[in-house]
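Worksheet: the structure to be examined is printed underneath.
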Amino acid sequence: MAQRQSKNRDYYFRQVDFIFYREKQIRDAILEKHLESKDNSISLFPVANANSFSDPTASRALRNLTPLKFVRLHDDTIIKCPEKWIEVIDKTYLWAERQQDCRCEVAKRRYHNEDYRKTCIDLSISKSTLHRLLESVRMYAALQAVQAGLIKIL
């Protein structure tokens, strides 16, 4: 039974890691999607006033306020609810910065593919400390994702 729980936990952490590793790509895809909708002259949300004229400014504002359902990355990976995932990343880094240790720095270095040995040397921490700090960041991010409805617990 404990082995099954471990597999589930690893699955959730892999989801979080996948998103964190692709943070920049997701942010770029969101920006592209919003810019694409600004350039698109066809109104997706027709807004009528009392005279039944379409208001393009209001339509554009509604398009930008409506959360994106998905974005497609350059390798054709689809990320559902990308803006919620970005909120999870931002909240996680904010929480990590507030801690009295180097959690935020460890996480940022990890998700920018820095070798763990270089991180340990630069921050003067052991490998086990690095893993402990990273584990707490991953756990916080997974809990934020659950709270946002991005990860469903089986």
Side-chain angles (χ1 to χ4, degrees), residues 1-40 42-45 59-154:
M1 183 69 172
Q3 195 173 25
R4 182 180 177 112
Q5 289 175 344
S6 176
K7 285 182 182 181
N8 286 340
R9 189 182 84 179
D10 290 343
Y11 172 74
Y12 302 133
F13 282 162
R14 281 195 308 269
Q15 279 185 297
V16 167
D17 284 342
F18 177 80
I19 296 295
F20 271 76
Y21 277 121
R22 294 177 167 244
E23 174 189 2
K24 184 172 178 357
Q25 295 173 13
I26 294 169
R27 287 185 191 274
D28 291 345
I30 290 170
L31 183 61
E32 283 178 25
K33 193 94 166 188
H34 282 302
L35 290 175
E36 179 182 296
S37 72
K38 284 182 183 178
D39 293 339
N40 191 357
I42 299 171
S43 176
L44 296 177
F45 298 99
S59 296
R60 194 172 300 129
L62 283 173
R63 272 197 307 267
N64 288 335
L65 289 175
T66 305
L68 298 174
K69 294 185 183 195
F70 70 93
V71 292
R72 186 181 305 271
L73 303 181
H74 293 293
D75 63 351
D76 288 333
T77 303
I78 294 176
I79 305 293
K80 295 179 182 177
C81 305
E83 292 162 324
K84 282 186 179 182
W85 276 114
I86 293 300
E87 282 182 40
V88 167
I89 292 170
D90 291 341
K91 285 179 182 179
T92 301
Y93 282 143
L94 183 64
W95 170 81
E97 285 175 3
R98 290 181 182 158
Q99 305 306 309
Q100 299 298 319
D101 51 22
C102 54
R103 281 173 225 245
C104 187
E105 189 67 25
V106 166
K108 286 182 179 180
R109 288 173 179 242
R110 161 74 183 261
Y111 295 121
H112 288 102
N113 291 318
E114 183 176 283
D115 185 46
Y116 77 92
R117 291 174 288 236
K118 181 174 178 359
T119 304
C120 288
I121 291 169
D122 289 350
L123 300 177
S124 300
I125 58 176
S126 68
K127 182 180 176 182
S128 62
T129 300
L130 177 123
H131 287 295
R132 182 180 50 80
L133 293 172
L134 188 59
E135 183 82 11
S136 68
V137 171
R138 293 167 76 200
M139 180 63 76
Y140 185 85
L143 291 173
Q144 285 295 317
V146 168
Q147 187 174 14
L150 299 167
I151 293 177
K152 306 282 191 264
I153 302 298
L154 302 176

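Atoms considered below: every heavy atom in the structure, side chains included; atoms not considered: hydrogens, waters and symmetry mates. Residue indices begin at 1 and follow the sequence shown.
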| task | Not counting sequence neighbours, which residues clear side-chain hydrogen bond (donor to acceptor under 3.5 Å, both in side chains) with Asp90? List them please. | result | Arg27
| task | Decide whether a cation-pi geometry holds between Lys108 and Phe20; the criteria are a distance under 6.0 Å from NZ or CZ to the six-membered ring centre and an angle within 45° of the ring axis. | result | no
| Contacts of type side-chain contact (heavy atoms from CB on, under 4.5 Å), residue Arg132, not counting sequence neighbours | Thr129
| Side chain proximity check, Ile79 to Phe70, heavy atoms < 4.5 angstrom | no
| field | Between CD1 on residue Ile19 and CD1 on residue Ile86, distance to nearest 0.5 Å | value | 8.0 Å
| task | Could you grab the distance from atom NZ of Lys69 to atom NZ of Lys33, nearest 0.5 Å is fine? | result | 11.0 Å
| message | When you compare the side chains of His112 and Glu23, does any donor N or O come within less than 3.5 Å of an acceptor on the partner? | response | no
| request: Please list, chain by chain and in numerical order, all residues satisfying side-chain contact (heavy atoms from CB on, under 4.5 Å) with Tyr21, sequence neighbours excluded. | output: Asp17, Arg110, Tyr111, Asn113
| task | For Lys118, enumerate each residue passing the side-chain hydrogen bond (donor to acceptor under 3.5 Å, both in side chains) test, keeping only those at least two apart in sequence or located in another chain. | result | Asp122
| field | Approximate separation, where rounding is to 0.5 Å, of Leu94 CG and Ile89 CD1 | value | 13.5 Å
| query | Can you name the side-chain contact (heavy atoms from CB on, under 4.5 Å) partners of Glu32, sequence neighbours left out? | reply | His74
| said: Do Ile78 and Leu73 have side chains that approach each other closer than 4.5 Å (heavy atoms only, starting at C-beta)? | reply: no
| field | Residues forming a salt bridge (Lys or Arg N to Asp or Glu O under 4.0 Å) with Lys84, sequence neighbours excluded | value | none
| request: State, with a plain yes or no, whether a side-chain heavy atom of Val71 is found less than 4.5 Å away from one of Lys80. | output: no
| said: Return the CD1 to OG1 distance between Ile26 and Thr77, rounded to the nearest 0.5 Å. | reply: 9.5 Å
| remark: Glu87 meets the side-chain hydrogen bond (donor to acceptor under 3.5 Å, both in side chains) criterion, sequence neighbours left out, with none
| field | From CZ (Arg109) to SG (Cys102), nearest 0.5 Å | value | 9.0 Å
| field | Shortest non-hydrogen contact between Val88 and Ala141, atoms and distance | value | CG1-O, 3.6 Å
| field | Arg138 side chain reached by Tyr12 side chain, heavy atoms, under 4.5 Å | value | no
Please tabulate, for the side chains in residues 142-154, all donor-acceptor contacts under 3.5 angstrom to protein atoms that are two or more places apart in sequence or on a different chain.
{"residue": "Gln144", "atom": "NE2", "partner": "Tyr140", "partner atom": "OH", "Å": "3.3"}
{"residue": "Lys152", "atom": "NZ", "partner": "Gly149", "partner atom": "O", "Å": "2.8"}

| said: Which residues pass the side-chain hydrogen bond (donor to acceptor under 3.5 Å, both in side chains) test with Arg98, not counting sequence neighbours? | reply: none
| message | Could you work out, with salt bridge (Lys or Arg N to Asp or Glu O under 4.0 Å) as the rule, every residue matching Lys24, not counting sequence neighbours? | response | Asp28
| task | Nearest 0.5 Å please: distance from the CG atom of Leu133 over to the SG atom of Cys104. | result | 11.5 Å
| query | By side-chain contact (heavy atoms from CB on, under 4.5 Å), which residues pair with Asp76, not counting sequence neighbours? | reply | Arg72
